[in-house]
Amino acid sequence: MGPHPAVAAIRLAVRRVLHDVLNDHSAPHAAPEAPRTPPLVLVACSGGADSMALASALAFEAPKLGIRAGGVTVDHGLQPGSDLRAAEVVARLTALRLDPVESAAVHVGRDGGPEAAARDARYAALDAAADHHGAAAILLGHTRDDQAETVLLGLARGSGIRSLSGMAATSGVDGRYRRPFLHVDRQTARKACMAQSLPVWDDPHNTDPAYTRSRLRHEGLPALEKALGKGVVEALARTAQLSRDDADALDTWAAQAEAMVRDPAGLLECAKLYALPPAVRRRVLRRAAIEAGAPAGALFARHIEEVDRLITGWRGQGEINLPGKVVAQRQGGRLVIRQG
């Protein structure tokens, strides 16, 4: 008798990603006799159903492929007893025979709001753990439901097609972060934990209406499903992939166009920018703003639209202030974007 269908589904998703990691880790030009250290893959685990299901699948699949498997949990310090809960997660990961396993305590600031600050602190800790242990990849337990929520949040911000593309299956420096569950629904992950008698922890922040994503999860999406039917989550996840394909193509076009709209001194020429399709031009402007020091996460569509008006609606406007103390202004037919 085979494993429970939910367990089989999550193991298959993880197996596919681990094969990708192995392919990326292989050095095609290395001498055949050169010894190769098996790659290490870490799972980021909060103790919730999604990440515990991911940890169990990694523990099962990695040894069969000759991959070392470990885990890391991040203690955000936002709730009483969070250090004890992190210790419990470490114990659970160790019981799955993952090694190395560690807990990383972080300080969560206030920049960008509580959710963004916690995310930034978490990823910084995961990056540090990967660097310390020399991990080839870190697996994240984001599900299809998380992807649908991310698409709706991007839609609400009005930040364009890139924000509608949701989370990438592979992201980070050298493809460090992998998300095997983007085509797996949240309920499947929870069923997999139940089938394996895995203890899970339900973060109270996930039901706290003070958090935007929590309100969307428990109020917004159910309302959409009631009005439009049960296929909303799957449709939103599919929209994310289609949007990502389009956004990637436009980004490539913008990268190629940028070199063509700069003068010999490297300044952007307004006439050449004006000739570009709007979607390409705005990407060129965004790239230039980020290169000048504007934080990508704080640079929204409204900022780029203001800069774009220096090209398409020039009426002698003054400089435009952008996040990161960056300013954009038009001077003698050139667009200058620099630190203010």
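Just so we're clear, the structure is a prediction, and the values are computed from it rather than from any experiment. FYI, side chains are in, hydrogens and waters are out, and symmetry mates aren't considered; it's all heavy atoms of this structure. The residues of the chain are indexed from 1 along the displayed sequence.
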| request: Could you please spell out the steps behind the salt bridge (Lys or Arg N to Asp or Glu O under 4.0 Å) verdict for D145 and R217? | output: CA-CA 9 Å; D145 301 79; R217 179 174 301 177; over 6 Å; no

Q) Charged N to carboxylate O under 4.0 angstrom, R176 versus D131? A) yes

F181 and V14: side chain to side chain contact (heavy atoms under 4.5 Å, CB included), yes or no, with the steps? CA-CA 8 Å; F181 287 175; V14 169; 4.0 Å; yes

Sorted by chain and number, sequence neighbours left out, salt bridge (Lys or Arg N to Asp or Glu O under 4.0 Å) with R282 holds for D308

Scanning both residues in full, the closest heavy-atom pair of P3 with A8 reads CG-CB, 4.1 Å

Between L40 and D99 the two heavy atoms that sit nearest each other are CD1-O, 4.3 Å

Distance col, row I10:CD1 vs H4:NE2, nearest 0.5 angstrom, shows 10.5 Å

- Side chain to side chain, S103 and T73, heavy atoms closer than 4.5 Å: yes

Could you give me the CA-CA distance, side-chain angles and deciding distance for R186 and R144, then say whether side chain to side chain contact (heavy atoms under 4.5 Å, CB included) is met? CA-CA 7 Å; R186 189 175 290 143; R144 187 172 66 187; over 6 Å; no

OG1 (T212) and CG (L153) are apart, to the nearest 0.5 Å, by 7.0 Å

- Query: Below 4.0 angstrom, N of the basic side chain to O of the carboxylate: do D202 and R190 qualify?
  - Reply: yes

Do H133 and E102 pair up side chain to side chain, a donor and an acceptor below 3.5 Å, judged on atom types alone? yes

Here the pair of heavy atoms bringing L93 nearest to A55 is CD2-CB, 3.7 Å

Margin query: Check this for me: does any side-chain nitrogen of one of R162 and D251 sit under 4.0 Å from a carboxylate oxygen of the other?
Written below: yes

In R15, H19, R16, the residue satisfying side-chain hydrogen bond (donor to acceptor under 3.5 Å, both in side chains) with E61 is R15

Hits for ring pair (Phe, Tyr, Trp, His ring centres under 6.0 Å) against Y274, two or more places apart or cross-chain, chain-then-number order -> none

### Query
Does the side chain to side chain donor-acceptor pair (under 3.5 Å) test come out yes or no for T37 and R68, once each step is laid out?
CA-CA 10 Å; T37 303; R68 295 177 296 140; over 6 Å; no

Are S56 and R11 linked by a side-chain donor-acceptor pair shorter than 3.5 Å? no

Is R334 paired with D263 through a side-chain N to carboxylate O contact shorter than 4.0 Å? yes

Checking L285 against L335 for the side chain to side chain contact (heavy atoms under 4.5 Å, CB included) test, could you report, in this order, the C-alpha distance in whole Å, the side-chain angles of both residues, the deciding distance, and whether it holds? CA-CA 9 Å; L285 298 179; L335 183 68; 3.4 Å; yes

- Passes side chain to side chain contact (heavy atoms under 4.5 Å, CB included), L155 versus L164? Steps please. CA-CA 6 Å; L155 181 64; L164 297 184; 3.8 Å; yes

Tested for side-chain contact (heavy atoms from CB on, under 4.5 Å) against V284, the lone hit among R262, M260, K272, E258 is E258

Can you see whether S243 engages D246 through a side-chain donor-acceptor pair at a distance of less than 3.5 angstrom? no

